[in-house]
Amino acid sequence: MNACASSFHKAATEYIDSLSNSKGEWLTEQRRAATQRFTALGFPDAGHEAWRYTSVEGLLQQNFKITKNTQVFPEHEVIRQFLREPVAARMVFVDGIFHPDLSDTAGQTGLRVGSLGTAMATGDSSLLGGVGSLSGLGDHGFAALNMATLQDGVVIKVPTGMTIQQPIELLHIATKGLSGQALRTRHSVVLEADASANLVERYLSLDSESNYFNNLVCEISLEDGASLIHQRAQEESRKSYHLCDIHLDIQGNAHYQGINAALGGAWSRTTVHARLGGEGANIELDGFYLAGEGQLTDFHLDVDHSVANCESRENFKGILYGAGKAVFDGLIRVREQAQKSQAHLYNANLMLSRRAEIDTKPQLVILADDVKCSHGTTVGQIDDQALFYLRSRGLDKDQAKRLLSLGFASEIIDSFQCEYLREHLREEIVERMSFKI
Amino acid sequence: MLSIKNLKASVDGKAILNGIDLEVNAGEVHAIMGPNGSGKSTLAHILSGRDGYTVNDGEVHYLGQNLLDLETEARAHRGIFLAMQYPVELPGVNNMTFLRESMNAIRKARGEAEIDAVSFMKQVRHRAKQVKLDEKLLKRSVNTGFSGGEKKRNEILQMMMLEPQLAILDETDSGLDIDALRTVADGVNLLRSPDRALIVVTHYQRLLDYIEPDFVHVLASGRVIRSGGKALALELEEKGYEWLQEGAVA
């Protein structure tokens, strides 16, 4: 174990020791096992295929700490980020810690929405059962560290047959004072049979310069016939680090629709592990990423067709400008018994600069013989004819590029269901690019 | 308004225009005809500022300015509009947003205030009706999935909204059936005015039945080989381009 890993190991052990003295159910056995797991795994490096183009060196050099903090922040700055529509529940996390005053967990009768921190403090084992059920102790060092030192997050249980129409809003705000720290957030979401819900999950920084590390793991179980729309937007500061592992278990006839936008971060990586575990399971994943000067954005998808008659569709689009860098890895596995699978994967990239870089790798591993699968990847530039067309109508080059870039992004952005979010993301894209390309 | 003198231009080293002379005044409609490859579209592109052409000689003055020095968008700001032969599809770019941003870009460049949303909507609906463009297409992505006729109507709609000083129509009639041709021509005729000039580039005389030109110029091998009134177009229709090309040689 190198010096860096051993300091993380020491900090994790101290953290767990401090928890074991408190009342409640702090999952200390799992945490200690995860610490061992971390020791065995260490941090991923370029030798691991899944991390080949996504170096963690810069992240480790930041030497983020897992200290506990309480922040003073202007509440109105958080409130103005709320969705402009009625919500079924709102969970606000500031610097990784649940803020009940800004949240609304009343919800519908029978719907359980709460914070993981509260569930652990009160020892509510009915809500804690999902933690680690899909992720295990972690399949890389950061995930193991998340399990060892997880602080807070959301626990949601939608009971059998319940339909939640309005969004459940998860808002994660980083304050200026967060710089230098690592957050360990863990979400656990269970939709029981035939339940349906709509999650809106956002990550924002109040200060555009704050430098911190969000280390997240999210586990979502959809039981038979359940349906979840999951809208995610990462809009953090350009100096932050964001790592998110999403584990999905999708049972028979259940449907998961994930819509992702990754705009911020010096370094951000999202991995989606999806297991289609019952016939008729269906997953749709859409994603948009934007990376400019000093940014790396990574999406890794791993969709596992483990039984017959399931469908998956992935469509990810990225805009790279300046010296922005992105990594896309879309793996679809169709197992031998997974006949009649349908899987379609598409990745398109718009390069606005010669210095930008994309490493894209669609992978289909198909062991069944009666399937419909396809994949496609494009890497292109702004079309000269389109640029001329817009300029001949009076728009200057920057305006034309802005319109064409937004046009490129709109296929994904338009699939966000909240109108406010669509508008907001468009504005955010324009602002972040500021169109001096 | 527009004065072209001895314009010579090439693409990838191949000479396309070999000395064009043309004078266009406000209020006039000029038809430019000629066989395929005669340089008609190249002339239209060079006037609107498209990249990829090298001007080797000659001058183009527009409203007292050297046109060739101006960026494409600056020409649009000064009132030049090109209705394209092949309007470009812009997936994801809303047709109405595009129109409004274009109008405002031109207004801004002229030091005028942006158009307010209500006036814009009123105007765009009125104009769409005039060119018989389904209002649904205003809400779709620019030209994306439009039929050939819808694309051309959309071009004329843009022209009507942007109200250019000098409108250049590049083979706007190609691919249009007779009804669409009439609608498009009606739209163009609505814009005819004493302070506006039109250059209509076309291969066939047909369009000129509906948009009556004041002058007809025939291009061949990058030169104007004959200029005349609208009767010249009819003569061409009857005798074909070869008649003039032979004449030019002789």
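Quantities reported herein were computed from a predicted structural model and do not represent experimental measurements. Chain letters run A, B, ... following the sequence lines, proteins first, then strands; residues in each count from 1.
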Legend entry - Cation-pi check, Arg50(B) onto Tyr389(A) ring (under 6.0 Å, within 45° of axis): no
Legend entry - Interface moiety of Leu90(B) toward chain A, non-hydrogen atoms closer than 4.5 Å: side chain
Legend entry - Note, Phe388(A) side chain near Asp51(B) side chain (heavy atom, < 4.5 Å): no
Inset, instruction - Kindly check if the number of other-residue, nucleotide or ligand heavy atoms within 6.0 Å of OH (Tyr86(B)) is above 12? - result: no
Legend entry - Over 12 foreign heavy atoms within 6.0 Å of NZ, Lys361(A): yes
Inset, instruction - Give a yes or no on whether Asn66(B) atom CG has more than 12 heavy-atom contacts from other residues, nucleotides or ligands under 6.0 Å away. - result: yes
Inset, instruction - Output, in order, the C-alpha distance, side-chain angles, deciding distance and verdict of side-chain contact (heavy atoms from CB on, under 4.5 Å) for Leu406(A) and Thr97(B). - result: CA-CA 12 Å; Leu406(A) 281 176; Thr97(B) 307; over 6 Å; no
Legend entry - Approximate separation, where rounding is to 0.5 Å, of Met161(B) CE and Arg393(A) CZ: 13.0 Å
Legend entry - Closest non-hydrogen atom pair, Gly394(A) against His77(B): O-NE2, 2.7 Å
Inset, instruction - Locate the shortest heavy-atom distance separating Ala105(B) from Gln399(A); write the atom from each residue and the value. - result: CB-OE1, 4.2 Å
Inset, instruction - Return yes when atom CD of Glu419(A) has more than 12 non-hydrogen atoms of other residues, nucleotides or ligands closer than 6.0 Å, and no otherwise. - result: no
Inset, instruction - Mark yes when over 12 heavy atoms from residues, nucleotides or ligands other than Gln417(A) sit less than 6.0 Å from its CD; otherwise mark no. - result: yes
Inset, instruction - Below 4.5 Å from any heavy atom of chain A, which atoms of Gln158(B) appear? Answer side chain, backbone, both or neither. - result: side chain
Legend entry - Minimum side-chain heavy-atom gap Glu89(B)-Gln385(A) below 4.5 Å: no
Inset, instruction - Side chain from CB out, backbone as N, CA, C, O: work out which of these in Arg75(B) comes under 4.5 Å of a heavy atom of chain A, or both, or neither. - result: neither
Inset, instruction - Heavy-atom distances under 4.5 Å only: say whether Asp383(A) touches chain B with side chain, backbone, both or neither. - result: side chain
Legend entry - Shortest non-hydrogen separation from Ser392(A) to Ala76(B) and the atoms involved: O-CB, 3.4 Å
Inset, instruction - Specify the closest pair of heavy atoms between Leu395(A) and Glu73(B), including all atoms of both residues, with the distance to one decimal. - result: O-CB, 3.5 Å
